S.K.: 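There's a structure below that I have some questions on.
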Amino acid sequence: MRSVRRCSRTGCLNPAVATLTYAYADSTAVVGPLATYSEPHSYDLCEEHALRLTVPRGWEVVRHDGEFALPEPSVDDLTALAEAVREAGRVDRPVEQPDPGAAAGRRGHLRVLPDPVTD
């Protein structure tokens with residue numbers, strides 16, 4: 001299940017209900033329903049900030065006409081959580097054995113370095 005996303009405005013702890021995206025080429029700010037996933041170039045806003053958004057002179061705001069509402073957990077979210085819990089609890093789950101040919105002290109992309117202080 002996904003956690004509640006918060007408003008991107010500094011100091012605001014309200015839950016996000018809308019997503020703000022800028023179309024710089026068109027000098028437009030678009031405020032729509034909360035996006036399914038948080039995107040790096042968009043901002044999550046609470047209802048108050050989504051409705052009070054102002055833009056610089058010469059810019060246009062395109063705002064969602066309907067009401068903003070908190071997203072409900074979907075069946076997909078609940079199913080994914082249940083399957084993850086079931087998989088983690090399986091006793092017949094295969095345990096990965098380390099590759100004997102792999103270099104000792106190396107795990108994935110991390111390396112164990114010797115202590116630089118030697119006596």
Side-chain angles (χ1 to χ4, degrees):
M1 207 170 352
R2 66 184 102 112
S3 62
V4 175
R5 289 171 19 205
R6 299 280 176 208
C7 182
S8 297
R9 295 291 302 260
T10 304
C12 184
L13 300 175
N14 294 324
V17 295
T19 297
L20 166 65
T21 307
Y22 291 107
Y24 292 100
D26 299 326
S27 299
T28 303
V30 180
V31 180
L34 187 63
T36 306
Y37 300 102
S38 181
E39 297 289 333
H41 299 291
S42 62
Y43 303 90
D44 295 337
L45 298 175
C46 66
E47 185 172 19
E48 178 184 354
H49 288 121
L51 295 174
R52 290 183 25 204
L53 177 78
T54 59
V55 294
R57 186 173 292 141
W59 279 61
E60 182 181 354
V61 177
V62 176
R63 215 179 297 268
H64 173 68
D65 285 337
E67 292 183 16
F68 294 112
L70 288 172
E72 301 275 332
S74 71
V75 174
D76 293 340
D77 291 340
L78 298 175
T79 303
L81 178 61
E83 288 175 1
V85 169
R86 259 188 244 116
E87 181 65 26
R90 279 185 36 208
V91 291
D92 63 335
R93 191 173 83 186
V95 178
E96 294 179 23
Q97 297 295 324
D99 182 10
R106 180 165 164 75
R107 294 182 180 168
H109 68 283
L110 302 176
R111 297 177 190 213
V112 177
L113 299 176
D115 189 359
V117 179
T118 56
D119 293 315

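When reading the values below, keep in mind they use all heavy atoms of this one structure, side chains included, and skip hydrogens, waters and symmetry mates. On a predicted model such as this, the values are computed, not experimentally measured, just so you know.
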S.K.: Linking I/L/V/M/F/W/Y whenever their side-chain heavy atoms sit closer than 4.5 Å, directly or via other members, would Tyr37 and Leu20 fall into one cluster?
M.R.: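 As far as the 4.5 Å side-chain criterion goes, Leu20 and Tyr37 are not connected within one cluster.
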S.K.: If every non-hydrogen atom of Ser27 is compared with every non-hydrogen atom of Gly58, which pair is closest and at what distance?
M.R.: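 Ser27 and Gly58 have their closest heavy atoms at CB-O, 4.1 Å.
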S.K.: How many angstroms lie between atom OG of Ser8 and atom NE2 of His49, to the nearest 0.5 angstrom?
M.R.: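 So the OG of Ser8 and the NE2 of His49 are separated by 10.5 Å.
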S.K.: To the nearest 0.5 Å, how far apart are CG in Asn14 and CD in Glu48?
M.R.: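 CD of Glu48 is found 7.0 Å from CG of Asn14.
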S.K.: Hey, quick one: are Tyr43 and Leu51 part of the same hydrophobic cluster, counting side-chain heavy atoms closer than 4.5 Å, chains of contacts allowed?
M.R.: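 As far as the 4.5 Å side-chain criterion goes, Leu51 and Tyr43 are connected within one cluster.
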S.K.: Can you measure from OG (Ser42) to OH (Tyr22) and round to the nearest 0.5 angstrom?
M.R.: 11.0 Å
S.K.: Look at the side chain of Thr19 and the backbone N and O of Asp44, then say whether any donor-acceptor pair between them is shorter than 3.5 Å.
M.R.: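 Judged by distance alone, no pair lies under 3.5 Å.
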S.K.: Is the number of heavy atoms from other residues, nucleotides or ligands under 6.0 Å of Arg9 CZ greater than 12?
M.R.: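 12 or below, so no.
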S.K.: Hey, are the side chains of His64 and Val30 touching, using non-hydrogen atoms and a 4.5 Å cut-off?
M.R.: no
S.K.: Check for me, please, whether Leu53 and Trp59 land in the same ILVMFWY cluster - side-chain distances under 4.5 Å, paths through other members count.
M.R.: yes
S.K.: Starting from Leu13, can I reach Val17 by hopping between I/L/V/M/F/W/Y residues whose side chains sit under 4.5 Å apart?
M.R.: no
S.K.: Is there a path of hydrophobic side-chain contacts, each under 4.5 Å between heavy atoms of I, L, V, M, F, W or Y residues, that connects Val55 with Val31?
M.R.: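 Cluster IDs for Val55 and Val31 match.
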S.K.: Is the side chain of Arg6 donor-acceptor paired with the backbone N or O of Leu45 at a distance under 3.5 Å, no angle test?
M.R.: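 Not at all, since once roles are kept as given, no pair shorter than 3.5 Å links the two residues.
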